[in-house]
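Small disclaimer: the values here were computed from a predicted structure and weren't measured. Counting begins at 1 with the first residue of the sequence.
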Amino acid sequence: MAGSRLERFGTVFTRVRDLMRSGVIKPSEKPIWYDVYEAFPPKRDPLHVKPHTRPSTKKQETVPEIFYREDEARAKFYEHYGTGPRPFDLSKSSFVSTCQRFVDKYTELQSRSELDGSALFEETGKALLSEGIVLRRRGAPPVSAESRDPLLELKLTEMLAEQQSLSADSEETTHSTHTP
C-alpha cells in the first residue's frame, strides 16, 4: 500500500493524483487540500532524501565528567562504611539513605566549621551517632559482648523478666475469667 513506502517514492500529492487517475479514489472523495496544492505547487518538490553519513568521518563526542562537591564525601562514605546491612527502600518517595543523611550533615558541618577533610568526616560520623544513626565501618567486627556496658545488660535482663511476669499474670487473669 502507499503508506508502506514511507514517502520515499514520490510525494503524497503524486500518490493521491495517481490513485485518482486509476479510479481507486473517486473525484468526489479527493482531499480538500488537493485543489490548492494543484493550483499553487511548491517551487521544489518535497522529496525524501536519505542522509549519507560515513562512520569513519564522524567524530566521537566526549562527555565531560561531572563532579559535585558532595561526591567526594559520598565516595569516602562508601569506602569507609559501605552500603550498609539493608537494601535501599525505593518504594517510599520520602526515603533518604544513610549516605545521603551523611552527606547532608557533612555539608552542614562544613559550612559551619573550619575543620579539614578527615576531621570533618569523623565529626560528621559523631554527629550522626548523636542523632541515633549508627554507622558500622566496613570490615569491622560487630560489637562484642565484653565491650557492652554491664549495667545496660542488667537493666535489659530486668526489663525482660518484668515483661514475662506481666504477660504470665495477664494470661492467668484471662484464664480465670473464662473458666466457669
Could you walk me through whether Phe121 and Phe102 pass the ring pair (Phe, Tyr, Trp, His ring centres under 6.0 Å) test, one step at a time? CA-CA 9 Å; Phe121 189 82; Phe102 184 89; 4.9 Å; yes
Step-by-step side-chain contact (heavy atoms from CB on, under 4.5 Å) determination, Glu123 to Tyr106: CA-CA 8 Å; Glu123 280 299 315; Tyr106 185 88; over 6 Å; no
Could you walk me through whether Val134 and Leu129 pass the side-chain contact (heavy atoms from CB on, under 4.5 Å) check? CA-CA 5 Å; Val134 179; Leu129 184 62; 4.2 Å; yes
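Taking both residues in full, the closest heavy atoms of Ala127 and Leu109 are given as CB-CD1, 4.2 Å, listed atom of the first, atom of the second, then distance. The minimum heavy-atom distance between Arg74 and Cys99, with the atom names listed, is CG-SG, 3.4 Å. The nearest pair of heavy atoms linking Asp35 to Lys30 is OD1-NZ, 2.8 Å. The nearest pair of heavy atoms linking Arg17 to Tyr34 is CG-OH, 3.4 Å. Listed here is the closest heavy atom pair of Thr107 and Asp104: OG1-O, 2.9 Å.
By the criterion of side-chain heavy atoms lying less than 4.5 angstrom apart, applied directly or through intervening Ile, Leu, Val, Met, Phe, Trp or Tyr residues, Phe77 is grouped together with Phe95 in one hydrophobic cluster. Grouping the Ile, Leu, Val, Met, Phe, Trp and Tyr side chains by contacts below 4.5 angstrom, directly or via other members, places Tyr78 apart from Val103.
For the pair Asp89 and Lys92, the salt-bridge criterion is met [side-chain N within less than 4.0 Å of a carboxylate O]. Salt-bridge annotation for Glu131 and Arg101: absent, with no side-chain N of the basic residue lying under 4.0 Å from a carboxylate O of the acidic one. A salt bridge links Glu108 with Arg112; the closest basic N to acidic carboxylate O contact falls under 4.0 Å.
Put simply, the side chain of Asp71 gets close to the backbone of Tyr68: a donor and an acceptor are under 3.5 Å apart. Side chain of Ser113 to main chain of Gln110: no donor-acceptor pair is present (N/O by atom type, distance under 3.5 Å, no hydrogens or angles).
Contact of the Phe67 side chain with the Glu72 side chain is not registered, since no non-hydrogen atoms from C-beta on lie closer than 4.5 Å.
Taking CG of Leu128 as the reference point, atom NZ of Lys105 lies at 6.5 Å (rounded to 0.5 Å). With values rounded to the nearest 0.5 angstrom, Leu135 atom CG is found 13.0 Å from Lys126 atom NZ.
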